[in-house]
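The next block holds one structure in the form of structure tokens; read it before the comments.
No hydrogens, no waters, no symmetry mates; every other heavy atom, side chains included, goes into these values.
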Amino acid sequence: KYITNDILVPKEALEEFLSEIEATRNPPLTISQYALAQFKQGFTKELWDRYFPNLADFWAGLDPEEFENLYGSKNADAYIRKSYMGGWCYANERYTGIKNGFTKVYDCNSLYPSMMREHQNLMPIGFPIFTKSQMELANVMKEKFFFIRFKCRFTLKNGYLPFLQLKHDYNYRQNENLKTSKRDLYGHDIEFYKPEITLAKPMFLLFAKCYHIEDFEFLDAAIFDQEEGLFDYHIDRFKKMKFDAEKEKNVVKRNVAKLVMNATYGKFGKNPENHFKLLSMDGQEVIYEDTEGEESKPVYIPIASAITAYARRFTVKAAILNAPYFRYSDTDSVHLCCDPDYQPKGMVIHDTELSCWKEESTAENSIFLRQKTYIEYTGNDYDVKACGLPDRSKKLFIESLRGTEIINGTVTHKYKKKGQELEEVLTLSENELDFMSIQRIPEDFKVGLSIPGNLLPKKVIGGVVLNEVDFTIK
């Protein structure tokens with residue numbers, strides 16, 4: 001029954017999705033496939049190939065080995081992929097681990113579709129021109145889009161917030177927003193080390209504004225033509241579909257429209273390198289072997305990198321403009337500790353319009369520990385986030401904060417969902433009973449806190465079992 005339910009739920013969801021998009025022949029298997037197919041309808045094959053060529057087979061007129069020796073990547077796709085970043089997630093280190101006062105949370109309405117629809121956000125198209133000449137790049141910086149590779153030492157300027165991550169340099173933590181290049185992940189002095197950095201145009205210009213740069217060494221750049229309004233029709237079409245669906249109270253149609261707007265850019269960033277696990281048996285033991293598959297054809301990484309660069313810049317700039325009040329950000333949100341009547345600087349407030357910020361929530365107090373780990377609360381209403389925190393562990397911690405009574409080995413978790421007051425009865429294990437016997441306070445949310453209710457898979461003879469262990473904030 002457990003397996004049957006796991007199969008039937010996605011089956012019903014897929015049927016609803018396929019019914020909504022009126023798929024008949026060759027239906028898409030994923031929402032991103034459907035999103036890209038809808039976007040491609042606005043192009044002839046010739047125009048599509050001209051705008052979004054296969055850069056995995058482009059070496060700027062050189063043979064592949066010569067290209068790699070000159071530009072440090074096996075092809076143009078791999079060169080630009082080094083600039084591809086996710087959202088900006090940062091806990092303001094000046095205020096981590098301490099109790100803040102009144103906190104406002106603002107979310108950008110559809111961040112990535114917003115960046116795609118902004119006319120000032122020009123998009124790269126076509127084949128690039130690679131150059132080793134810094135002067136050649138300087139002459140076209142305003143009218144062309146570019147990806148630049150360089151080396152330098154850097155230190156964050158006063159009044160700004162760090163956002164640069166160097167995921168391919170093992171001198172630094174991969175998820176750290178660096179304030180300086182001069183200290184490694186162990187805190188050791190590496191003052192004269194110059195990391196290699198590849199950035200898209202929006203991030204490079206922001207980097208130059210926010211950091212003191214020393215001993216800059218230009219290596220090379222990929223220069224593209226740029227286009228305005230590339231996604232206007234696509235975003236407008238599905239934005240209208242979402243708006244109409246909300247009026248019709250058609251939940252499936254609304255979700256399809258929302259997913260399409262957000263999935264399109266990601267399909268452009270599809271990684272051509274495929275990895276999967278092969279399952280085999282060694283006696284009665286299950287073995288999973290990491291395997292590399294054949295490389296697939298990419299879509300067009302410059303678009304994905306440009307959109308995420310614009311998105312990071314948008315959120316970082318909002319945080320910097322409100323730096324005295326800024327406490328935390330994750331991709332499309334900023335959390336400000338401020339007076340209730342404070343009006344954020346440089347942020348247009350609107351509940352639905354693209355490129356605007358919606359006041360998502362408020363809290364009387366908050367504590368931010370690190371990326372994706374914080375608590376915001378008003379009275380007995382708690383919003384708890386911790387990377388990897390299981391849902392059950394979160395419920396137990398919230399009820400331990402509330403001091404909820406244990407009745408016959410159970411505790412009742414009360415919560416709100418879509419305006420409804422709901423509750424769930426949790427039957428407690430011995431370990432959970434011990435945890436729930438102590439009432440906690442928000443300040444207990446700190447490094448070292450251990451919460452039961454975490455189930456981890458463990459390989460055993462014949463398969464896998466789930467073991468209950470504590471979740472610990474590290």
Aromatic ring proximity [X]/[Y], centre distance under 6.0 Å:
X	Y	answer
Phe43	Trp48	yes
Tyr112	Tyr310	no
Phe207	Phe154	yes
Phe326	Trp88	yes
Tyr95	Phe368	no
Phe268	Tyr300	no
His335	Tyr374	yes
Phe146	Phe224	no
Tyr79	Phe147	no
Tyr90	Phe163	no
Phe231	Tyr265	no
Tyr377	Tyr382	yes

For the [atom1] atom on [X], are there more than 12 heavy atoms of other groups (residues, nucleotides or ligands in this structure) within a distance under 6.0 Å?
X	atom1	value
Asn158	CG	no
Leu70	CG	yes
Lys297	NZ	no

Donor-acceptor check, side chain of [X] to backbone of [Y], threshold 3.5 angstrom: yes or no?
X	Y	value
Thr373	Leu369	no
Thr315	Thr331	yes
Ser329	Ser333	yes

Answer whether the closest heavy-atom distance between the side chains of Val105 and Thr362 falls below 4.5 Å.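 No, their side chains stay 4.5 Å or more apart.
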At their closest point, which heavy atom of Asn454 faces which heavy atom of Ser393, and how far apart are they? N-OG, 3.6 Å
How close do Met261 and Pro113 get, heavy atom to heavy atom, and via which atoms? O-CG, 3.4 Å
Pick from Lys239, Arg237, Arg117: which one makes a salt bridge (charged side-chain N to carboxylate O under 4.0 Å, His left out) with Asp232?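 Option passing the salt bridge (charged side-chain N to carboxylate O under 4.0 Å, His left out) with Asp232: Arg117.
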